[in-house]
**Student:** 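Let me begin by handing over the structure; questions about it come next.
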Amino acid sequence: MDAMTATAILAEQLTARGLSVTKQDGGAISVTNPLHLRLGENLTTGDDSYLTDYGYEIGQYGDEPATASRIAFLLGVPVPEAAGSDSMMAAQQQSADADTISRLIAEALSATEILPPIDRLVQLDELLRAETERLVPLVWRRADAVSFGSRDWYTLIQTAERAEDAAQFQIGTTPLAGAIHVAELARWVQELREAHVSEA
C-alpha cells in the first residue's frame, strides 16, 4: 500500500470517528477535535507508518482502524465500546487506548528535555488531566475493596489524593514551567495506572 492510499483510508476512518481532517502538502493530514479545536495533531507518513508532528509513531499502514481509534482517544473523542460478538474488538480498543496513554506519558516525561511548544504542553495538560479524572475514582474503588487501614489501603488512598492535588495546579506560561508541570502530571497518571491494575 502506498502512502497516499494509506493516508486516504486513515482520513476516512478518522472522519467516521467524528474528527475533522484537512489534507496538507506532501500527503500529510491535519486532524482536530471539532469540539476542542486546540486538540489537534498533524500526521505524516514514514516507512510504512504514521508519525505525529513530534516524530512519534502512532500506527502502521494496513492498521488504519486501530490507528484512527488511537488518534481519536489521544484527541479526546470517545470511541463507542463494542459489545457481544465484538468483544475482541473492544479488547483491541482497550489495548490501543493503553498504548496511547503510554506514549502520552512518555512524551510528557521527556518534555523537560525537549521543551515542546507551549501549545503542545497545553494539549498534554488537558489530556493528562482527563486521564487523572478517569483513573482517580477507579483507584478509590480499589481502596474500598481492600482491608481498611491496611498498607494497600493507605497506598491507594495516598496515590489518589496526591494525583488530585497535582491536578489542582495550573500549567505555567513558559515552556520550562509547562514542561515541569506536565511531567509531574504524567508521573501521577503512571502511579494511578499502576495502582488501578495492581492485584486487580
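Just so we're clear, the structure is a prediction, and the values are computed from it rather than from any experiment.
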**Student:** Indicate the atoms forming the closest heavy-atom contact of Leu109 with Ala183, along with that distance.
**Tutor:**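 Distance-wise, the nearest heavy atoms are CD2-O, 3.6 Å.
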
**Student:** So, taking the atom named OG1 in Thr44 and the one named CG in Leu51, what distance separates them when rounded to the nearest 0.5 Å?
**Tutor:**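 With rounding to 0.5 Å, OG1 (Thr44) is 4.5 Å from CG (Leu51).
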
**Student:** Would you say the side-chain atoms of Arg17 pair up with the backbone N or O of Glu12, donor to acceptor, closer than 3.5 Å?
**Tutor:**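 Between the backbone of Glu12 and the side chain of Arg17 there is no qualifying donor-acceptor contact (under 3.5 Å).
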
**Student:** Would you call Ile71 and Leu43 a side-chain contact if the rule is heavy atoms closer than 4.5 Å?
**Tutor:**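 Yes; the side chains approach each other to less than 4.5 Å.
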
**Student:** Checking side-chain hydrogen bond (donor to acceptor under 3.5 Å, both in side chains) against Tyr50, which of Arg70, Glu64, Gln60 comes through?
**Tutor:**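 Of Arg70, Glu64, Gln60, side-chain hydrogen bond (donor to acceptor under 3.5 Å, both in side chains) with Tyr50 is met by Glu64 alone.
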
**Student:** Give, for atom CD of Gln123 and atom CD of Glu41, the distance between the pair rounded to the nearest 0.5 Å.
**Tutor:**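 Between Gln123 CD and Glu41 CD, I get 6.5 Å after rounding to 0.5 Å.
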
**Student:** Which atom pair, heavy atoms only, marks the closest approach of Pro34 to Ser20?
**Tutor:**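 In this case the closest contact between Pro34 and Ser20 is CB-OG, 3.6 Å.
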
**Student:** Write down the atom of Gly172, the atom of Ala177, and the distance for their closest heavy-atom approach.
**Tutor:**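 Shortest heavy-atom separation between Gly172 and Ala177 comes out as CA-CB, 3.9 Å.
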
**Student:** Can you pull out every ring pair (Phe, Tyr, Trp, His ring centres under 6.0 Å) where at least one residue sits in residues 160-190? Sequence neighbours excluded, please.
**Tutor:**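 The answer is none; no pair qualifies.
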
**Student:** Rounded to the nearest 0.5 Å, how far does CG of Leu138 lie from CG of Leu156?
**Tutor:**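 Nearest 0.5 Å value for the CG-CG distance: 11.5 Å.
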
**Student:** Restricting to pairs with a member in residues 156-168, which pass salt bridge (charged side-chain N to carboxylate O under 4.0 Å, His left out), not counting sequence neighbours?
**Tutor:**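 Pairs touching residues 156-168 that pass the test: none.
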
**Student:** Determine yes or no for a side-chain-to-main-chain donor-acceptor pair under 3.5 angstrom, with Ser147 supplying the side chain and Ser150 the backbone.
**Tutor:**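 Checked: no pair found.
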
**Student:** Give, for atom CG of Leu10 and atom OG1 of Thr45, the distance between the pair rounded to the nearest 0.5 Å.
**Tutor:**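 So the CG of Leu10 and the OG1 of Thr45 are separated by 10.5 Å.
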
**Student:** My understanding is that a hydrophobic cluster links ILVMFWY residues whose side chain heavy atoms are under 4.5 Å apart, including indirect links. Using that, what else belongs to the cluster containing Leu115?
**Tutor:**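 Via sub-4.5 Å side-chain contacts, Leu115 links to Leu176, Ile180.
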
**Student:** Check salt bridge (Lys or Arg N to Asp or Glu O under 4.0 Å) between Glu191 and all other residues, then give those that pass, not counting sequence neighbours.
**Tutor:**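 Not a single residue meets the salt bridge (Lys or Arg N to Asp or Glu O under 4.0 Å) criterion with Glu191.
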
**Student:** Between Leu121 and Ile171, is the side-chain contact (heavy atoms from CB on, under 4.5 Å) condition met? List the steps.
**Tutor:** CA-CA 8 Å; Leu121 291 170; Ile171 188 169; 3.9 Å; yes

**Student:** With rounding to the nearest 0.5 angstrom, report the CD to CG distance, Glu133 to Leu192.
**Tutor:**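 That separation rounds to 11.5 Å.
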
**Student:** Excluding sequence neighbours, so at least two apart, what forms side-chain hydrogen bond (donor to acceptor under 3.5 Å, both in side chains) with Gln190?
**Tutor:**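 Scan of Gln190 (side-chain hydrogen bond (donor to acceptor under 3.5 Å, both in side chains), adjacent residues dropped) gives none.
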
**Student:** Give every residue pair that meets the salt bridge (charged side-chain N to carboxylate O under 4.0 Å, His left out) criterion with at least one member in residues 169-180, sequence neighbours excluded.
**Tutor:**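 Counting only pairs at least two positions apart or across chains, no salt bridge (charged side-chain N to carboxylate O under 4.0 Å, His left out) contact touches residues 169-180.
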
**Student:** Mind checking side-chain hydrogen bond (donor to acceptor under 3.5 Å, both in side chains) for Asn33 and listing every partner two or more places apart, or none if nothing turns up?
**Tutor:**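 For Asn33, no residue satisfies side-chain hydrogen bond (donor to acceptor under 3.5 Å, both in side chains) once neighbours in sequence are set aside.
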
**Student:** The criterion is side-chain hydrogen bond (donor to acceptor under 3.5 Å, both in side chains); which residues satisfy it with Glu126, sequence neighbours excluded?
**Tutor:**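 Glu126: side-chain hydrogen bond (donor to acceptor under 3.5 Å, both in side chains) contacts with Arg38.
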
**Student:** Which residues satisfy the salt bridge (Lys or Arg N to Asp or Glu O under 4.0 Å) test with Arg129, sequence neighbours excluded?
**Tutor:**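 Arg129: salt bridge (Lys or Arg N to Asp or Glu O under 4.0 Å) contacts with Asp125.
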
**Student:** Please give me the minimum heavy-atom distance between Ala108 and Leu124, naming the atom from each residue.
**Tutor:**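 So the minimum-distance heavy-atom pair works out to CA-CD1, 4.4 Å.
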
**Student:** To the nearest 0.5 Å, what is the distance between OG1 (Thr159) and OH (Tyr154)?
**Tutor:**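 Thr159 atom OG1 to Tyr154 atom OH measures 14.0 Å (nearest 0.5 Å).
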
**Student:** Could you pull out all residues at least two apart from Trp140 that satisfy ring-ring contact (aromatic ring centres under 6.0 Å, His included)?
**Tutor:**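 Checked Trp140 against ring-ring contact (aromatic ring centres under 6.0 Å, His included); zero matches.
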
**Student:** Name all residues meeting the side-chain hydrogen bond (donor to acceptor under 3.5 Å, both in side chains) criterion together with Arg134; count only those two or more places apart in sequence or in a different chain, and write none if there are none.
**Tutor:**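 Checked Arg134 against side-chain hydrogen bond (donor to acceptor under 3.5 Å, both in side chains); matches are Glu131.
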
**Student:** So Thr67 and Gln13, do their side chains get closer than 4.5 Å, heavy atoms only?
**Tutor:**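 Gln13 vs Thr67: side chains apart.
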
**Student:** Give me the atom names and distance for the closest heavy-atom approach of Ala163 to Val136.
**Tutor:**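 The answer is CB-CG2, 4.4 Å.
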
**Student:** Do Arg142 and Pro137 touch side chain to side chain, with heavy atoms closer than 4.5 Å?
**Tutor:**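 When only atoms from C-beta onward are counted, Pro137 and Arg142 do not touch, as no gap falls below 4.5 Å.
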
**Student:** Determine, step by step, whether Arg193 and Leu135 satisfy the side-chain contact (heavy atoms from CB on, under 4.5 Å) criterion, reporting the C-alpha distance in whole Å, the side-chain angles of both residues, the deciding distance to 0.1 Å, and the verdict.
**Tutor:** CA-CA 7 Å; Arg193 294 180 77 203; Leu135 287 172; 3.6 Å; yes

**Student:** Going by side chain to side chain donor-acceptor pair (under 3.5 Å), name the pairs with one or both residues in residues 22-32, residues two or more places apart or in two chains.
**Tutor:**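 Non-adjacent pairs meeting side chain to side chain donor-acceptor pair (under 3.5 Å): Ser30-Asn42.
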
